[in-house]
Amino acid sequence: MTKDLLLAHDLGTSGNKATLFDQSGRLVRSVTVSYEHGTRYYNGSWAEQNPHDWWHAVCQSTQMLLEGIEKERIAVVSLSGQMMGATPLDSEGRVLFASMIYCDQRGEEQTQTFAKRFDPERFYRITGHRLASVYALSKILWLRETHPEIYAEMTCSCAAKDYINFRLTGVLATDASDASGMNAYDLEKACWSEEILSAANLSETIFPKVAASASILGEVTPEAAEATGLAPGTPVAVGGGDGCCAGVGVGSVSPGHAYNYLGSSSWIGVTTDKPLLDPGMRTMTWAHCVPGLFHPTGSVQTAGSSYAWLKNTFCEEERAESEKTGRDVYELINEKIATAPVGSGNVFFLPYMLGERSPRWNPNARGAFIGMNLETSRGHMLRSVLEGITMNLGLIVRIMREQIPLKDMRVIGGGAKGAIWRQIMADVYDCPIHKLNVLEEATSMGAAVIGGVAVGMFDDFSAIERFIRVDDIIEPNAEHVAIYQRLLPVFDQCYHALVPVYDELARLPQGRS
């Protein structure tokens with residue numbers, strides 16, 4: 001039987017998306033399964049998931065995806081997964097503790113302690129990332145200090161997709177993209193940093209070995225085959241972190257195209273042939289899934305999740321109409337947003353609902369509405385949320401433009417469906433926004449191409465061009481651009497004015513909902 005199908009998994013924040021593509025680039029089928037227990041958020045800046053939920057979602061989604069399809073047609077399984085997390089395993093690969101995911105910042109005290117004995121600027125030059133508590137290194141140091149009995153049993157910490165790959169094949173490894181999100185990887189030397197590990201008093205074995213994204217890790221074991229419905233012996237590629245797989249999925253596989261992913265979190269990404277090191281250390285650079293290339297980005301911690309918070313907190317009217325009519329609730333919210341003026345009547349929303357990464361790098365930052373008066377409408381506030389998320393991304397665009405040109409922006413992710421948000425992006429970034437034909441599957445599509453390269457179905461990563469096309473272009477509106485250019489510095493000032501307040505809030509006892 002011809003092995004003509006690529007199976008990709010994208011382990012996201014809220015669930016796993018399993019997707020089938022054929023070798024022509026056609027999307028055959030896509031299934032999403034939510035994690036049984038979701039994400040546990042607590043203590044203000046802690047966020048964790050149960051890795052067994054990932055595995056159950058992968059098994060269930062694979063079974064659903066393969067209904068009516070011969071499993072022998074699967075040429076390769078390839079994974080993309082949420083980055084920067086820490087999943088502690090023992091010598092048998094058993095999970096010892098909840099996975100502290102990308103937005104978890106419980107290791108802030110350990111980060112500050114480490115920063116006193118390792119120059120933060122040198123750290124940034126080595127890793128391409130700030131020394132920050134969102135990364136796996138800080139989470140491991142927290143675990144060692146607060147749970148020594150668990151740390152004593154721990155032999156390795158891995159990323160989300162690495163754990164699932166281990167469950168599929170019995171082989172534990174990572175790739176350069178996920179390795180570069182652990183805050184202990186030397187970007188230019190392409191290996192774990194002896195200097196950082198020595199300063200942290202950690203062995204290199206605390207992290208998995210590093211293999212090429214587009215290489216074969218192993219084969220589906222009989223046990224995994226029974227659980228997933230895959231054929232035993234199906235090849236499994238090493239895969240990559242979701243941000244870098246998204247870079248492949250939008251066609252950013254050589255220096256050039258910038259893109260914006262709009263999901264629970266959001267990031268601006270571009271591909272370069274050398275790390276992009278910002279003097280202010282505001283952006284970060286990953287190793288690309290394409291060998292020898294790099295993937296500079298800047299991200300907003302809570303983008304789509306701020307939008308979801310808005311829906312759940314302020315949009316009872318739209319939720320009720322959605323239930324009654326069957327219309328998408330976000331379409332209804334966007335219609336309300338479209339009635340509000342550009343700039344939201346000078347109401348600003350600061351989208352720091354779970355601290356913030358670039359360009360703030362402040363775990364104490366919190367969300368806020370600023371500028372309301374008695375004429376402020378609900379429409380103003382709704383629109384200000386999308387504008388606040390986008391203006392924070394706009395600051396990242398400005399930082400990147402200090403070193404590289406960004407002439408247009410490809411956009412993917414569920415948030416890209418709304419034309420109103422894409423127009424806000426075009427106006428804030430002052431560049432055309434290109435919506436691709438595949439939005440929510442773009443990340444898994446990147447993983448599929450990686451798998452196709454790994455098994456020799458594709459010669460190289462340029463095969464992504466058979467998968468994608470630009471379906472819509474929104475040009476910036478000159479009048480709107482001028483408004484946002486006036487507002488962006490004020491938005492930035494709002495954050496800086498509140499930094500002392502954020503610090504005071506962090507010192508208060510944590511409230512309980």
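Worth saying up front: this structure is predicted, and the values here are computed from it rather than measured.
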Does the side chain of Leu395 reach to within under 4.5 Å of the side chain of Asp492, using non-hydrogen atoms? yes
Examine the side chains of Glu387 and Ser344 and answer whether a donor and an acceptor come within less than 3.5 Å of each other. yes
Below 4.5 Å, heavy atoms only, C-beta onward: do Leu11 and Val58 meet side chain to side chain? yes
Heavy-atom pair of closest approach, residues Val428 and Met391: CG1-CA, 4.1 Å
Between Ser444 and Ser80, is there a donor-acceptor pair closer than 3.5 Å when you use the side chain of the first and the backbone of the second? no
Any side-chain heavy atom of Tyr261 within less than 4.5 Å of one from Thr443? yes
Considering only heavy atoms from C-beta outward, does the side chain of Leu386 approach that of Leu310 to under 4.5 Å? no
Can you check side chain to side chain donor-acceptor pair (under 3.5 Å) on Gln49 and Thr39, steps first, answer last? CA-CA 5 Å; Gln49 292 181 346; Thr39 305; 2.7 Å; yes
Looking at CD of Glu149 and CG of Leu143, how far apart are the two atoms once the value is rounded to the nearest 0.5 Å? 8.0 Å
Check for me whether Arg122 meets the cation-pi criterion with Phe118, that is, NZ or CZ under 6.0 Å from the six-membered ring centre and within 45 degrees of the ring axis. no
Ser299/Thr297 under side chain to side chain donor-acceptor pair (under 3.5 Å): CA gap, chis, key distance, verdict: CA-CA 7 Å; Ser299 64; Thr297 64; 5.8 Å; no
Rounded to the nearest 0.5 Å, what separation is found between the CG atom of Asp278 and the OG1 atom of Thr283? 4.5 Å
How far apart are the closest heavy atoms of Leu79 and Cys245, and which atoms are they? O-SG, 4.3 Å
Say whether, by atom type as modelled, one donor and one acceptor occur between the side chain of His129 and the main chain of Gly181 under 3.5 angstrom. no
Give me each pair satisfying ring pair (Phe, Tyr, Trp, His ring centres under 6.0 Å) with a member in residues 488-507, each pair once, sequence neighbours excluded. Tyr352-Tyr495
Under 3.5 Å donor-acceptor, Thr376 side chain and Asn373 backbone: yes
Working note: Val411 + Trp421, criterion side-chain contact (heavy atoms from CB on, under 4.5 Å); need CA distance, chi angles, decisive distance, verdict. CA-CA 11 Å; Val411 62; Trp421 200 348; over 6 Å; no
Taking the side chain from Gln105 and the backbone from Asn362, do they hold a donor-acceptor pair closer than 3.5 Å? no
Considering only heavy atoms from C-beta outward, does the side chain of Ile101 approach that of Gln82 to under 4.5 Å? yes
How close do Ser78 and Gly451 get, heavy atom to heavy atom, and via which atoms? OG-N, 3.7 Å
Considering only NZ, NE, NH1 and NH2 on the basic side and carboxylate oxygens on the acidic side, decide whether Arg507 and Glu504 come within less than 4.0 Å. yes
Is there side-chain contact between Met372 and Met381, with at least one heavy-atom pair below 4.5 Å? yes
What verdict does the side-chain contact (heavy atoms from CB on, under 4.5 Å) test give for Ile196 and Phe123, after you've listed the backbone C-alpha separation in whole Å, the side-chain angles of each residue and the deciding distance to 0.1 Å? CA-CA 8 Å; Ile196 291 172; Phe123 192 97; 3.6 Å; yes
Can you tell if the side chain of Leu137 reaches within under 4.5 Å of the side chain of Met182, non-hydrogen atoms only? no
Test: Asp104 and Lys139 ion pair at under 4.0 Å: no
Tightest non-hydrogen contact, residues Ser306 and Ile389, listed as CB-CD1, 4.0 Å
Quick one: does Tyr124's side chain have a donor or acceptor within less than 3.5 Å of a partner on Gly280's backbone? no
Side-chain donor or acceptor of Arg130 paired with backbone N/O of Met281 under 3.5 Å: yes
Please report the interatomic distance CD1(Ile396) to OG(Ser266), rounded to the nearest 0.5 Å. 8.0 Å
Parallel, tilted or perpendicular: which describes the rings of Phe349 and Phe369, with under 30° parallel and over 60° perpendicular? tilted
Salt bridge (charged side-chain N to carboxylate O under 4.0 Å, His left out) with Lys161: which of Asp175, Asp10, Asp242? Asp175
Report yes if the distance between the aromatic ring centroids of Trp286 and Trp267 is under 6.0 Å, otherwise no. no
Of the non-hydrogen atoms in Leu276 and Pro296, which two are nearest, and what is the gap between them? CB-CG, 3.6 Å
So which heavy atom on Leu217 is nearest to which on Ala173, and how close? CD1-CB, 3.6 Å
Main-chain N/O of Phe314 paired to Arg378 side chain as donor or acceptor, under 3.5 Å: yes
For Ala258, does its backbone N or O pair with a side-chain atom of Ser252 as donor and acceptor, under 3.5 Å? no
So, does Ser180 use its side chain to make a donor-acceptor pair with the main chain of Ala287 at under 3.5 Å? yes
Intermediate values then yes/no, side-chain contact (heavy atoms from CB on, under 4.5 Å), Ile268 and Met400: CA-CA 9 Å; Ile268 305 287; Met400 288 186 168; 3.9 Å; yes
On the 0 to 90° scale, with breaks at 30° and 60°, tag the Trp192-Phe207 ring pair as parallel, tilted or perpendicular. parallel
So does Glu109 have more than 12 non-hydrogen atoms from other groups sitting under 6.0 Å from CD? no
Look at atom CD of Gln403 and say whether more than 12 heavy atoms of other residues, nucleotides or ligands are closer to it than 6.0 Å. yes
How many angstroms lie between CH2 in Trp361 and CZ in Arg282, if you round to the nearest 0.5 Å? 12.5 Å
Could you go through the side chain to side chain donor-acceptor pair (under 3.5 Å) check for Tyr102 and Thr13 one step at a time? CA-CA 9 Å; Tyr102 63 92; Thr13 303; 2.9 Å; yes
Once you round to the nearest 0.5 Å, how far does CD of Glu153 lie from CZ of Arg94? 8.5 Å
Between CD1 of Ile206 and OG1 of Thr155, what distance do you get to the nearest 0.5 Å? 7.0 Å
Indicate yes or no for a side-chain donor-acceptor contact from Ser99 to the backbone of Glu48 under 3.5 Å, with no hydrogens or angles considered. no
Full working for side-chain contact (heavy atoms from CB on, under 4.5 Å) between Tyr484 and Thr390: CA-CA 10 Å; Tyr484 287 123; Thr390 311; over 6 Å; no
Asn392 vs Arg360 side-chain heavy atoms within contact, under 4.5 Å: yes
Indicate the ring-plane relationship of Tyr259 and His295, choosing parallel, tilted or perpendicular according to the 30° and 60° boundaries. parallel
